[in-house]
Every structure is written in structure tokens, then in C-alpha cells.
Colleague: 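Below you'll find the structure I mean.
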Amino acid sequence: MEHTTNIPDKPSLDGIETRWMQRWEADATYRFDRTVSREGVFAIDTPPPTVSGSLHIGHVFSYTHTDTIARYQRMIGKAVFYPIGWDDNGLATERRVQNVTGVRCDPSMPFDPDFTAPFRGDVPKDHRAIPVSRPNFVELCREITHLDETAFEAIIRRLGLSVDWSFLYTTIGERARQASQRAFLRNLARGEAYQQDAPTLYDIDERTAVAQAEMEDRDVPGAYHQVAFHRTAPDGEASPGDLVIDTTRPELLASCVAMVAHPDDPRYQPLFGTTVHTPLFEVEVPVLAHHLADPEKGTGIAMICTFGDVTDVTWWRELNLSSRALIGFDGRFATEVPDWITSDAGHEAYAQIAGLSPKQAQKRIVELLTASGEMLGNARPITHPVKFYERGSRPLEIVATRQWYIRNGGRDEPLRNALVARGDDVAWHPGYMRHRYDNWVGGLNGDWLISRQRYFGVPIPVWYRLDGDGNPTYDEVLVPGEDRLPMDPSTDTPDGFTNDQRGVPGGFIGDPDVMDTWATSSLTPQIAGEWEISTGAPNDLFHRVFPYDLRPQGHDIIRTWLFSTMVRSHHEHGCAPWHHAALSGWILDPDRKKMSKSKGNVVTPIDLLEQYGTDAIRYWAACGRPGVDTAVDEGQMKIGRKLGTKLLNASKFVLGFGEPNAGAVPSEAIDLAMLARLRSVVAEDSTGFDGFDYARALETTEQFFWWFCDDYVELVKSRAYGIH
RNA sequence: GGGCGCAUAGCUCAGUUGGUUAGAGCGCUUCCCUUACAAGGAAGAAGUCGGGGGUUCGAGUCCCUCUGCGCCCACCA
């Protein structure tokens, strides 16, 4: 207890944050005691915020919730493991660097040790991005993330989070790369990781494959084009009898491999087993039956292209069709005329779209179809959902590429059921969030694609043997021993080889890809807990913290972070990675619209912290019920500010009377009543916190505090001042 | 098409297994610079708990249904 002489006349909240930040740091107040065994530990799998700009008020909101839980657990005697990290690898960072500096990575460029990046503001708007080598680009990513991370740390400290900074990690850091590569190699050894050459959703701007979890549907304008295919006459020539389809992607006509209608559709039953000729390109394709064809849609018969959408992929696979892919990794139609187009007219038509983007090609094809009379009527505009990469600006294309996958139940019923059942091992707060998990796992339609054709990430830690012609033999995967991790296959050499065998026939080549950022952040429990890291006392930490007690996170990343963490833990440890998952709500702007940068309504945390003070902001945050979307409410922050001042003044009153005499026991009825009430408040708050309901605990405490001030203090005043 | 959430005073929200006249804060009205606090205190007005139906002695709370808003998921040619 402070001595009475230290009580200021006019207690103030100003500067209180700095004082306590320094005190906590000096005293190592929140340092985790790593001698405590698992039963005495409360471990938190803190979300590492994405380093791609600044922290959002939403972070302040949800991180405060977790901090109240951490502080409660500490108060009841637990050693709280409360680490923090920065998620700085991956495409989000690369995009940020591109935006800030105006460069782009070109792996074919040589390293330039003297390169200094311009800042975007100094680059003319119409100037094209400056290509730099991969090492230069990675260096830039490190520099810029470091700047952002410094700012992040300042805000988190200012917010008073009781994290243990000695466990700070980054997802591009050595520990993360090591854990990520180790887990991958073990997935590989157990058959949970595999590579496959298959149609893949591909972002043609970022030039990388993306996973199902990173896709989103957007309603965009499109148009139905009614196009006539020509029936094949007995002599093999196209006849005038036409078969009409509706398509939103006429530009893919050259990739058409078949027609498909529902097996029960009487309109098309006579045509099953026959062939038709495509318009413009005059390619002969079969008419087939498949139950996914919807008689209600368009004309009831569709063209199958490789690949216009995911249904095409299903048809292609299940009907065992050949592949006629034309859109390449650059998002443009192949420049060479494909060999399945044989007629002169077909060659001529293809020359019109060679090298074009899908959008350009569509325009041209429509012109050609109109000219040839094979397009019936005008295009009918519609709005339809199209798949985008969540951070992308152009629709995803489907391109056949070799990629790495981790099994997540998307193609495997028993594994899917096992992962759904893992949801039972976790207590969900609020409980209904469980449905989102079940929903997502139940709806998976493929395994988890983890390879990315990008640069700032954890390398896929394998090499491939090159055959006598210098071509990679992908089924001969060369792996490093775990003692070599972290490693980079583009500079490290596999055992039994020398570096001069890199890229030469009979030698080896490193996998050029990096892992998806979720493939690393799915291991935050392992990274923060120093899984398998030898620190003199091997693994002294991990078994004290794993499985963690709590995973706090936003409900929007159940499909990504929560699920992927579950997958990795299930494979590696055979259990759920935590006992509780607490899902926080969204932050809405004061008009209750979802905040977004494009709307320009983002409130920066630092301004609010400056204006109202940490306690006021934390008060506002803690008033938001678990899982409930909450508006930014400066009124609530003002109340928090007043409450803080009230607390200081009430403390001033109480502390002003000094310590009670040693051995003194309360005997006045009013005192005993107050203490009894306090006991019930403590009990109720404990119940609230045990169920991760910090808001209920706050409400109870606040109510008690006002009663204490308004009634109890007023009633004891005369006694306190010695007036009877 | 499937799933989930929300709807309570002008505003933002509590209301835990159904139980006396439905609560808080902000805002509003009136009064008070009283020695912890005017960045405060005291008092007051204000709601047919989204509509309809049902179960019950009793429903904001449980069941059915409808409406509106929001979110998640889906093979959307």
C-alpha cells in the first residue's frame, strides 16, 4: 500500500501508462515462470497480428479481452504463458512492400548489393514497378516489416497488455521457419503432405496458387452469351442443326472439351454419345451426361472447358476428359495455336485471341461469333458470384500446376470426421461459433494447398533430383535432416551432393516455392512453445504449455487460422491444440457499418489512446460482450475515463486514512455487510472469468464500485472523520 | 439452397436454469461547487421487450410461425 504522503491532491490519469509500462518492464512482472508444471500454467495462443500496415482498433478490442483473462488467471495463482508474435511473412507483406516502395520481385534479376528502394511517393504514378532480385526484395520486406513491428509493439505496450515480451516471435523468424519446416517434413514422412499436378485456383496478378480458405465470392457483372454448336453429320462434317448453350465465358470456347447435360433431360438424351463441332474453332467434342448439369440453368446444356470454374474441374475429373488449358501463369492465352485446333478457320480464329487477357479475349470472341452468326441475340447482362482471391482484384483462373498439399479431410471422409470430432475437444465461447467450424470442415472440397509461388515466406524444405536431361524428377524428393533446419533449398545443398551439381543433369534443384503463411501461423502453439527446440534443457517449455488453455481470435478466421492449427495439431500431436477457443466480435464504426479502409472510416488506436487514455479504451473494449459485434463508441470511452478518475479519487479517500492497526478486525455491521457483498462480487466475477466472460465480471464489479462510493463511503464518512 | 446470430427506453446495450411493479449508461428535465471526486453528486420523465400463435398458475426468457437486419457456408455453365 502506498504511504499517505504519496497521495496526490488531484489524482490524474495523465501519464499513468508510461509509469506502469516502465515499472512492469523493470520488475519483469509478466515474465513466465518456466519451472511451473502444466497444472499450474495457463497458456494462451495469442494471435500474431498481420504486419501489413498499422494495428486496427479491432486488435485493441479483442486483445484487451484476452488480457483481462490473463490477469484474472494470474490473480488466482496461475503462471500465465502469454506470448506474442508478429505475422510478417507471406503475400500480405509483399503487397505492402510493393505499395510502399514501388518495386516488384523478379527472381531472374541478379542481386544488387547497392540497391536502395525508392518510396512510392517519389515514384510517378504511371511509372511501372521497378523489378528487383529476390534477395533484394526479401531484404526490403524485412526492413519494412521491422518498421511496422516497432510501431505495433509501441501500441501493444501502450495498451498495457500483460504479454511476456521475452517470447516475442515472428513468422519469418528462425524459430518459426524451423518449426514450420520440421512440421512439414513430418507431415511428408507420414504421408500427410503430398504434391500433385492438378487444376488449381490461381491468381494471375500475384502469379500464385491460392487455397480454398483464401477464396471469396464476389458478385460481379457478367453476361450470358447464347452460342450455337453444330451437330456432327454422319459424314463427320458439321451440319446446320445447332445445339445452343448459354455461357458467361465465351472466351474459353477454344478450351472446350465436351458438352454436358443432365442424364434425365429428355431434350438432350438423344444426343448423348454423339458429337458436336465448336463454333469458330471447329473442334469436335462429345455430348455427355452428368448429374451436376442443371436442366434449369441456361439452355440445360453446358460446355465443359478446362477450366472455366470448379464445376468444370469436377466434370473433367469424373468424365475422364482430356485437358485443353490455354490460360497460362501470366493470365494470358497461349501464343501458339494449340494442336487440337486443326482447321484453317480455327487457326485463324485462335490467332485473334492469342496472347490476350481473358477480358480482351472475350470481347474479341463475341465479335467473331457475332460476325459468323454463331452468337444468337445480344449478351444478356447478369450479376453472378465469381471466385476471387480475398486480396485479389481479378477473378481467379484455374490452371493445372504441380503444388504441395496437406491433407485436411477435404478428400478423405475418415479424416474429415476425425477433424470435426476434434471440435468436441474444444469448449467454444460463445458456443454457437462451433457451427462455423463444423460448417467449414463439412464443406471442404479439397486438401489444403500450401505452396505459393512467392518470395517472402518459409521455403518448402526439399530438393528434387534432376534426371539425365536436367528435368526434375518430382517423385524423388530429397529432404534435409531436422538438425539442418531452418534451411533454404535455393542455397543449401542436399546430403550426398555438392553445390556445383545444382541445376545440372544428374544433380538436384531446390523447390522454388514458399509455404502459405497459414502453413506457418497454424503452428503458433509450437513456435511460441519452443517445440522441439534444444535450449540446453530440451523441450522444457512445450510440455508445460501444450495443449494450450486458450485460443482467442476473430470469428472471421475460423476457416483459416483456427482450422489449420487444428489440422497441424491433429496430425502431429493427436489432440486439439487448446481446451478453449474464444471468438471475438467485429468492430463496427459508429454508424454500425463494418469498418474498412476503403470507406475511410478506420479509427486509429493511437489517437484514441492519446485522447482518452488506456484505461478508458480498455473499459470500452471490456464492455463488448464475447463474440458480439461492437461499435466504436467514444461515449463509452468517456465513461471509462470518468470511471478511472473516480477510482483514483475513491482510492485517495480510502488510502488517506492509512493502514489499519495490526490485528484489527472489522466489527461494524456496515463494514461486515460491505465485505460480504465484496465476497459475492468476487465469486460472481470468478464465475464470469472462468467462462471467459470478462464483460459480466466488469459489470458486476462496476456496479459494486458505484454502490461502494455512493452508499458505503457516504455512510462511513462521519465515522472516518471522527464525527459522531 | 444449407447453417448461425440479432431484434428490449431517443441512442448503445444488460437481463445466466421461466417467478414479485422490465434494468444500466449516454441523452433529456430539475436541483446541488456538501472537506475523495463538478472529469462530481441527488432526484425525475421515458419501453404494448419486432408481429402472430402456443405451452404454463406465471413468458422478454421455452416451442411454432412470420417479418426485418447481419454473418458464415454451398458444384453460382
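The figures here come from the full heavy-atom set of this structure, side chains too, leaving out hydrogens, waters and symmetry mates. Order of the sequence lines fixes the chain letters, A, B, ..., with proteins taken first and strands second; residue numbering starts at 1 for each chain.
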Colleague: Please state how far atom CG in A:Leu643 lies from atom P in B:C26, giving the value in whole angstrom units.
Modeller: 11 Å

Colleague: Could you give the distance separating B:G50 and B:G60 at their P atoms, to the nearest angstrom?
Modeller: 10 Å

Colleague: Select base, sugar-phosphate, or nothing to describe what A:Leu292 touches, counting heavy atoms under 4.0 Å on all strands.
Modeller: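 The answer is base, as A:Leu292 lies within the cut-off (heavy atoms under 4.0 Å) of a base atom.
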
Colleague: Begin with the C-alpha distance, continue with both residues' side-chain angles, and end with the deciding distance and a verdict on ring pair (Phe, Tyr, Trp, His ring centres under 6.0 Å) for A:Trp340 and A:Phe281.
Modeller: CA-CA 9 Å; A:Trp340 60 84; A:Phe281 302 104; 9.7 Å; no

Colleague: Using a heavy-atom cut-off of 4.0 Å across all strands, would you classify A:Cys623 as base, sugar-phosphate, or nothing?
Modeller: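 It contacts nothing in the nucleic acid.
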
Colleague: Applying a 4.0 Å non-hydrogen cut-off, can you work out what A:Lys387 is touching in the nucleic acid: base, sugar-phosphate, or nothing?
Modeller: base

Colleague: Rounding to an integer number of angstrom, what distance separates B:C28 and B:A46 when you compare their C1' atoms?
Modeller: 9 Å

Colleague: 5'-most contact on RNA chain B: A:Asp693 or A:Glu714, nearest heavy atom basis?
Modeller: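 It is A:Asp693, whose closest nucleotide lies nearer the 5' terminus.
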
Colleague: Where the side chain of A:Trp620 meets the backbone of A:Val632, is there a donor-acceptor pair that is under 3.5 Å apart?
Modeller: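 Side chain of A:Trp620 to backbone of A:Val632, a donor-acceptor pair under 3.5 Å: no, none is there.
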
Colleague: Should the pair A:Arg641 and A:Tyr612 be classed as cation-pi, given the thresholds of under 6.0 Å to the six-membered ring centre and 45° from the axis?
Modeller: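 No, A:Arg641 and A:Tyr612 do not form such a contact.
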
Colleague: Is there a donor in the side chain of A:His555 and an acceptor in the side chain of A:Trp586, or the other way round, less than 3.5 Å apart?
Modeller: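 Yes, side-chain donor-acceptor contact under 3.5 Å.
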
Colleague: Round to a whole Å and report the spacing from CD of A:Glu699 to C1' of B:U16.
Modeller: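 Atom CD in A:Glu699 sits about 11 Å away from atom C1' in B:U16.
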
Colleague: Each nucleotide N or O in nucleotides 1-6 of chain B that has a protein N or O under 3.5 Å away: list the pair and distance.
Modeller:
unit_1 : atom_1 : unit_2   : atom_2 : d
B:G2   : N2     : A:Asn439 : ND2    : 3.3

Colleague: Are A:Arg677 and A:Trp707 in a cation-pi setup, meaning NZ or CZ lies under 6.0 angstrom from the ring centre and within 45 degrees of the ring axis?
Modeller: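 Cation-pi check for A:Arg677 and A:Trp707: passes.
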
Colleague: How close or far is atom C1' of B:C13 from atom CG of A:Asp629, stated in whole angstroms?
Modeller: 14 Å

Colleague: For A:Phe61 and B:C13, give me the distance from atom CZ to atom P, rounded to whole Å.
Modeller: 10 Å

